[in-house]
Amino acid sequence: MRTFDHSFEPPSASPAGATVQLSAREIEDAGVYEVLQTPGAALGSWAILDALLDPNSSEFIFREPLGHSREVKTALSGLFGRFVARAYLTRYLGFTHFAHITKPPMRLRGISRGRVVRRPGHNGDLPDWVIWNVNTTQIAVAEAKGCHDAGGPEKALARAWTQVQRVMIEVNRKTVSLKRYAIATRWSASNSRKPVLSVHDPEEKGNATPQEHGELGIGIARLHFASLLRPLGHFDLADALTAAVRATSQREEQENIRRANTALAQARDRRRVGSKAGTVSVPDHLIGGFVTRGGPIDRALEISLDDQKLFRRLGFRPVFVGIERDVLSAAIEGNTDNLTVFDVDAVGLDTEVPSDGRARRSRAGTWLIRLDEDEVDIA
């Protein structure tokens with residue numbers, strides 16, 4: 001595990017003490033999800049952090065600075081900052097579903113005019129995500145920054161805080177109770193200064209009902225799964241989920257729910273196989289696809305067991321990204337209770353992954369199975 005010095009505002013709401021711990025695997029997993037869900041992004045497996053970090057330190061310290069020019073440092077800092085922030089929001093704050101904020105108004109449920117909107121007079125870049133905690137029904141917006149500032153992450157945190165104030169969420173002409181998370185990570189490439197993760201966390205009370213919060217959460221979950229499924233080649237299912245979120249009538253919503261159920265019924269189940277499958281119990285009904293250093297593999301291609309071995313031998317770091325069929329069914333039907341139940345048995349989120357079973361389940365019911373590290377195949 002790697003440590004960061006941790007500051008949280010307000011201190012009384014902090015989910016951890018003066019330090020937080022995140023494993024390289026957790027951050028890499030967050031990177032897979034984050035880049036896979038980013039529209040238009042190419043994707044590698046992001047299994048790179050261990051090679052970049054100082055092996056002699058328990059802190060999150062890079063062997064050397066992330067590039068020499070300011071442009072490279074800024075780009076890589078921003079990218080890794082998003083990965084760390086997403087891993088932190090998942091582990092320490094319990095958020096399960098992430099949707100990238102697009103140009104507002106961004107619909108979360110068309111029927112009830114549930115949407116992310118820009119606050120009047122607040123111009124400029126918008127925050128990264130609108131997120132949902134399926135267990136608490138908490139909805140939040142979050143912005144992540146990374147920096148190398150010798151003095152600390154305060155300036156980056158201030159910029160992030162400005163961005164998260166630029167939007168609000170409304171439903172049925174009511175405001176939604178909302179958390180706003182500004183997260184800044186200051187990197188270190190030597191022991192002369194410590195890596196720091198700082199968080200600003202105010203809460204604003206709204207007047208939307210718990211039922212309306214749940215409906216918006218289902219919209220975020222549907223967008224979360226749609227953005228994972230589309231780059232994996234499940235276009236019909238992803239399009240139907242997105243259309244259900246945007247529908248402005250009950251008839252239109254129900255028609256897209258039927259479309260999504262049809263696409264799900266036609267999707268192929270995948271399962272983990274191999275003598276070294278380990279002790280982690282992985283469901284046999286996963287819907288997903290393969291990702292390598294070169295990006296997602298076309299779902300139309302039949303990837304044999306021999307192909308998977310070839311990917312491993314060539315160092316392509318193949319990963320299978322799979323969503324539990326029952327979880328997708330619950331999201332399609334808008335069954336919040338079933339989505340909550342599926343979180344209870346989350347695997348490997350709070351400890352290092354056991355050496356005899358490295359497959360990891362996110363709190364949203366999505367699995368990342370690294371074929372090379374786990375020494376298994378997908379049938």
Judged by atom type as modelled, is there a donor-acceptor pair below 3.5 Å linking the side chain of [X] to the main-chain atoms of [Y]?
X	Y	value
Y33	F83	no
N133	G94	yes
T3	T19	no

Taking side chain to side chain contact (heavy atoms under 4.5 Å, CB included) as the definition, give me every residue that meets it alongside S112, ordered by chain and number, with sequence neighbours left out.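 S112 satisfies side chain to side chain contact (heavy atoms under 4.5 Å, CB included) with R109, V171, N172, E215 once adjacent residues are dropped.
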Once side chain to side chain contact (heavy atoms under 4.5 Å, CB included) is applied, do any residues pair with T137, and if so which ones, sequence neighbours excluded?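 Partners of T137 by the side chain to side chain contact (heavy atoms under 4.5 Å, CB included) criterion, ordered by chain and then number, come out as W132.
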In the hydrophobic cluster built from side-chain contacts under 4.5 Å, what are the other members alongside V117?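 Cluster partners of V117: M168.
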Quick one: name the residues clustered hydrophobically with L157, using the 4.5 Å side-chain heavy-atom rule over I, L, V, M, F, W, Y, and just say none if it's on its own.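 ILVMFWY cluster around L157 holds nothing else.
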For E204, I'd like to know if atom CD has over 12 heavy atoms of other residues, nucleotides or ligands within 6.0 Å.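 Yes, because the 6.0 Å sphere around CD of E204 holds more than 12 heavy atoms from other groups.
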What I'd like to find out is whether the side chain of I131 reaches to under 4.5 Å of the side chain of I220, using heavy atoms alone.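 Of all side-chain heavy-atom pairs linking I220 with I131, none is under 4.5 Å.
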Could you give all pairs that pass the ring pair (Phe, Tyr, Trp, His ring centres under 6.0 Å) test and reach residues 250-274, with sequence neighbours left out?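 Not a single pair qualifies under ring pair (Phe, Tyr, Trp, His ring centres under 6.0 Å).
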If a pair satisfies ring pair (Phe, Tyr, Trp, His ring centres under 6.0 Å) and one of its residues is in residues 163-183, list it, with sequence neighbours excluded.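 Pairs touching residues 163-183 that pass the test: F95-Y181.
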Gap between atom CG of L22 and atom CZ of R25 - 0.5 Å precision: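 With rounding to 0.5 Å, CZ (R25) is 14.5 Å from CG (L22).
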Report the residues that fulfil side-chain hydrogen bond (donor to acceptor under 3.5 Å, both in side chains) with S177, sequence neighbours left out, ordered by chain and then residue number.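 Counting only residues at least two positions away or on another chain, S177 forms no side-chain hydrogen bond (donor to acceptor under 3.5 Å, both in side chains).
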Identify, with sequence neighbours excluded, every residue that meets side-chain hydrogen bond (donor to acceptor under 3.5 Å, both in side chains) alongside E255.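 Only R258 meet the side-chain hydrogen bond (donor to acceptor under 3.5 Å, both in side chains) criterion with E255.
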Please, which pairs that meet salt bridge (charged side-chain N to carboxylate O under 4.0 Å, His left out) have at least one residue in residues 115-141, sequence neighbours excluded?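 Sorted result for residues 115-141: R82-D128, R115-E170.
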Taking only residues at least two apart or on different chains, which pairs with a member in residues 236-248 satisfy salt bridge (charged side-chain N to carboxylate O under 4.0 Å, His left out)?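 Residue pairs passing salt bridge (charged side-chain N to carboxylate O under 4.0 Å, His left out), neighbours aside: R230-D239.
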Quick one: do D326 and S329 satisfy side-chain hydrogen bond (donor to acceptor under 3.5 Å, both in side chains)? Show the steps, please. CA-CA 5 Å; D326 288 346; S329 180; 5.9 Å; no
Non-neighbouring partners of R268 that pass salt bridge (charged side-chain N to carboxylate O under 4.0 Å, His left out), sequence neighbours left out: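 Checked R268 against salt bridge (charged side-chain N to carboxylate O under 4.0 Å, His left out); matches are E302.
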Sequence neighbours excluded, which residues qualify as salt bridge (charged side-chain N to carboxylate O under 4.0 Å, His left out) partners of K155?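 By the salt bridge (charged side-chain N to carboxylate O under 4.0 Å, His left out) rule, K155 matches no residue at all.
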